[in-house]
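Here is the structure we will look at.
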Amino acid sequence: MGLRQVSSQEMAKQTYRIDCHEEDLVIALAGNPNTGKSTVFNSLTGLKQHTGNWPGKTVTNAKGKYIHQQRSFILVDLPGTYSLFANSVDEEVARDFICSGEPKVTVVVTDATCLERNLNLVLQVMEITDNAVLCVNLLDEARRKKIQVDLPALSEILGVPVVGTNARDGVGLRELKDAVYQVAMGEVINKPLQVRYGDPVETCLEMLEPFVKGIVDKNINSRWVALRLLEANRDTDNWPLQFPFLKLNNDSEILATLQAADRLLLQAGLNRDALRDHIVTCIVKQAEEIAQRVLSCEKQHYNIVDRRIDSVLTSKVWGIPVMIALLGLVFWITIKGANYPSQVLATGLFWVENKLTGLFMAAGWPDWLHGILILGMYRTMAWVVSVMLPPMAIFFPLFTLLEDLGYLPRIAFNLDNFFKKACAHGKQALTMCMGFGCNAAGVISCRIIDSPRERLIAIITNNFVPCNGRFPTLIALATIFIAGGRGEAGQTLVASLSILAMIVLGVVITLLVSKILSKTILKGMPSSFALELPPYRRPQIGRIIVRSLYDRTLFVLSRAIIVAAPAGMITWAFANITSGDISILQHSAKLLDPLAHLLGMDGFILMAFMLGLPANEIVLPILIMCYMSAGQMIELDSLQALRDLFAANGWTWLTAVCMMLFSLNHFPCGTTLLTIKKETQSMKWPLITFAVTTATGIVLCFIVAQSARLLGLA
């Protein structure tokens, strides 16, 4: 079998086609994680961005547009990768898009403080395409650490344009645009440095390259293709699938050349595994040599401060306690700061409700319409906004601050050993952190886990981390039942510790369920991975506030409102449509009451969870509506009023604890379930996730409720 040419135009019609006008110039943006690549992308494109998935892939692509020199550029942000050897879906996507011929220029973003390591990817990109531009970002961090980069010398060595930037402050972006324009328009002809791999490999490349030149598009470097063919695992019939930019015909000549090359490499002691190691070693050595020539540092140990901080934050003794303490501080600030704004919002929104009610009465519209639209839809939305917005507006900026500082990878480092013992992936700690904001976002973030088995474990267990929609319920119940009767300061502290205990319990359950899954339906051993601890960086407070409020708070709130509106209408209808002397809602609650009693709750609570399937944010508003004899939510102006309502319906501390436990461990919301289906391309895994999480909540609540009753505590 041989190979035939596949043009870049043919390739572009397949998986990696980017929709744009013919006059647009497509630019690929590549780079290692934590190099500021996304900041470069955002700074260049502003808000003119679109996100989606690569067709047939669960890998996100982001593309944006900018204008320079009267030309339109489409910037495609590739997944952050450490190499292009296609060991993961992210690496495969990045490699194949560069090979597709779509991008006119590939910009590689590097971190000036970690340039030696980043140069490995730069050299790999330059092997694929001549049209490369190197962006050395984070020069401000380098200056702070007394690191100097000789950019002109680096450009001369690599044979491509090199531009220094500080993307967060917009420094160097104009020069970067100029360099991209010049390469794209052919005003600058690059002569990229070639990595040399030693006599045996170079001899084999000389044998193969004449054949390869006639079967690859001019946009792809024939030497690079020959190298990939040499290292490819050709023991299976479908080995050509590793190269979507090449197709096979009946031609034995090139196959015979490959076999001759294999024999020559084996004589030199290079089997396929050894050849891969040899290639990587040569690239790393080349990167080291380049770095030694262009880097200088006044301080011998420029990262000594970071290491001292890490000696505490990642130590076996202090790492976990500090992590728990920081999380507890975040919850304390959130609870302490959210009370007053919530009251102000509730007062304003319910004032609007009174005005709307007056308009309905003046217009003479029927009571049922007023009930559905105002007492059902509007009042539910008002509760969601007044209860959710203040905690989110505080929690998300604080969480984003920890993320911006570079602390989240330290959390993954601290928890890696625990996940390894659970036969799960260490990166699951990062996906778990994303679940704090939204479990659907946490499920999407599981894409960073390469192993399909471990990715499924992370997806199934992500729901054990309470999302922002469940925090208001946990905060309210912890404040009025667990911490009730104490002074304001003591109440906030005890409530914060209660929420923290729930979070720790959620992590423990995540580990236990991960272990059970890895020993049953998802058997396997944990895989290893490289976790980079990025340098600590000074956070940009303004950017944090904008990003957390716009990208997270408003996004989650808008989704909650969209779901809460119809849910409020349906719940009001169920509460007011009667069969006999009682409503449909009460009938349903009576049917659920025996099971709910075994779990330490009542039928109305289980009914609220079931009706709250579209979004966790509406569980508490629905429960309040269920308890109202008139079939509508009352105007709760304080947490004490909420406590009185629950106490009047037979609540005790055990009821509150069991509802908190079930809120922590029950089926995911509808959005998360749909996201799981989309990510796994199957209905099987959303159903398994639903069953696993709900069964966990039922078992846990049953044990707690029956134990408390047996011991006479309730």
Side-chain angles (χ1 to χ4, degrees), residues 30-43 80-82 107-123 133-158 161-173 175-176 284-315 318-319 322 400-414 530-544:
N32 290 175
N34 302 311
T35 58
K37 181 168 65 70
S38 296
T39 305
V40 173
F41 176 80
N42 293 332
S43 299
T81 61
Y82 291 101
V107 178
V108 189
V109 182
T110 60
D111 180 352
T113 66
C114 307
L115 186 60
E116 179 180 315
R117 184 181 67 245
N118 294 172
L119 282 173
N120 295 321
L121 181 65
V122 176
L123 294 172
V133 173
L134 175 57
C135 171
V136 181
N137 193 32
L138 300 173
L139 286 179
D140 57 328
E141 295 287 336
R143 282 192 295 269
R144 184 170 65 86
K145 296 181 177 182
K146 306 299 183 183
I147 300 173
Q148 295 179 347
V149 184
D150 190 339
L151 299 178
L154 182 58
S155 178
E156 184 177 350
I157 293 170
L158 294 178
V162 176
V163 181
T165 63
N166 172 16
R168 294 200 298 180
D169 297 329
V171 177
L173 295 181
E175 291 78 5
L176 180 61
V284 170
K285 286 184 176 179
Q286 183 75 75
E288 290 175 351
E289 292 174 5
I290 296 172
Q292 289 174 1
R293 295 169 62 182
V294 301
L295 288 177
S296 60
C297 184
E298 295 180 16
K299 296 180 180 179
Q300 187 175 3
H301 303 291
Y302 60 85
N303 58 350
I304 188 66
V305 175
D306 287 4
R307 290 184 177 181
R308 286 175 178 171
I309 296 174
D310 281 339
S311 67
V312 176
L313 296 185
T314 62
S315 71
W318 296 106
V322 170
T400 307
L401 175 64
L402 293 178
E403 183 181 357
D404 218 44
L405 284 168
Y407 183 62
L408 293 192
R410 273 79 184 176
I411 293 178
F413 181 87
N414 290 331
L531 175 64
E532 179 184 6
L533 296 181
Y536 293 100
R537 292 172 181 149
R538 288 178 297 180
Q540 291 185 309
I541 303 301
R543 188 182 295 270
I544 287 174

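Atom set for the values below is all heavy atoms of this structure, side chains included, hydrogens, waters and symmetry mates excluded.
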Under 3.5 Å, is there a donor-acceptor pair between the side chain of S43 and the main chain of T39?
yes
For the side chain of N120 and the backbone of R117, is there at least one donor-acceptor N/O pair under 3.5 Å apart?
yes
Taking all heavy atoms of R410 and all of D310, pick out the closest pair and write down the distance.
NE-OD1, 2.9 Å
Take I147 and L295 through the side chain to side chain contact (heavy atoms under 4.5 Å, CB included) test and state the conclusion after the steps.
CA-CA 7 Å; I147 300 173; L295 288 177; 4.3 Å; yes
To check you understand the geometry: which heavy-atom pair defines the closest contact between C135 and T165, and what is its length?
SG-OG1, 3.2 Å
Less than 4.0 angstrom from a charged side-chain N to a carboxylate O is my criterion; do E288 and K285 meet it?
no
Within this structure, what is the CZ-CG distance for the pair R308 and L313, rounded to the nearest 0.5 Å?
14.5 Å
The criterion is side-chain contact (heavy atoms from CB on, under 4.5 Å); which residues satisfy it with D169, sequence neighbours excluded?
N166, V171, Q540
Sub-4.5 Å side-chain heavy-atom contact between T314 and N414:
yes
Testing the basics here: between Y82 and P33, what is the closest heavy-atom pair and its distance to 0.1 Å?
CZ-CD, 3.7 Å
Report the C-alpha distance between L115 and L154 in whole Å, list the side-chain angles of each, state the deciding distance to 0.1 Å, and finish with yes or no for side chain to side chain contact (heavy atoms under 4.5 Å, CB included).
CA-CA 11 Å; L115 186 60; L154 182 58; 4.1 Å; yes
At what distance, to the nearest 0.5 angstrom, does CG of D140 lie from NZ of K145?
10.5 Å
Just by modelled atom types, is the T35 backbone N or O under 3.5 Å from a matching donor or acceptor in the N137 side chain?
yes
From Q286 CD over to L158 CG, what is the distance, rounded to the nearest 0.5 angstrom?
9.0 Å
When you look at R293 and E156, which way does the side chain to side chain contact (heavy atoms under 4.5 Å, CB included) test go after all the steps?
CA-CA 11 Å; R293 295 169 62 182; E156 184 177 350; over 6 Å; no
Given side chains that start at C-beta, do those of L176 and V40 come closer than 4.5 Å, heavy atoms only?
yes
Considering non-hydrogen atoms only, spot the tightest contact between L138 and A112 and give its length.
O-CB, 3.9 Å
In sequence, state the C-alpha distance, the side-chain angles, and the governing distance for L123 and I290, and then conclude on side chain to side chain contact (heavy atoms under 4.5 Å, CB included).
CA-CA 11 Å; L123 294 172; I290 296 172; 4.1 Å; yes
Quick one: CG on L134 to OG on S155, what's the gap to the nearest 0.5 Å?
8.5 Å
Nearest heavy-atom approach of E116 to A291 is CB-CB, 3.7 Å
If we ignore angles and hydrogens, is there a donor and acceptor under 3.5 Å between the side chains of N118 and N32?
yes
Looking at every heavy atom in both V163 and G172, which two are closest together, and how far apart are they?
CG1-O, 3.7 Å
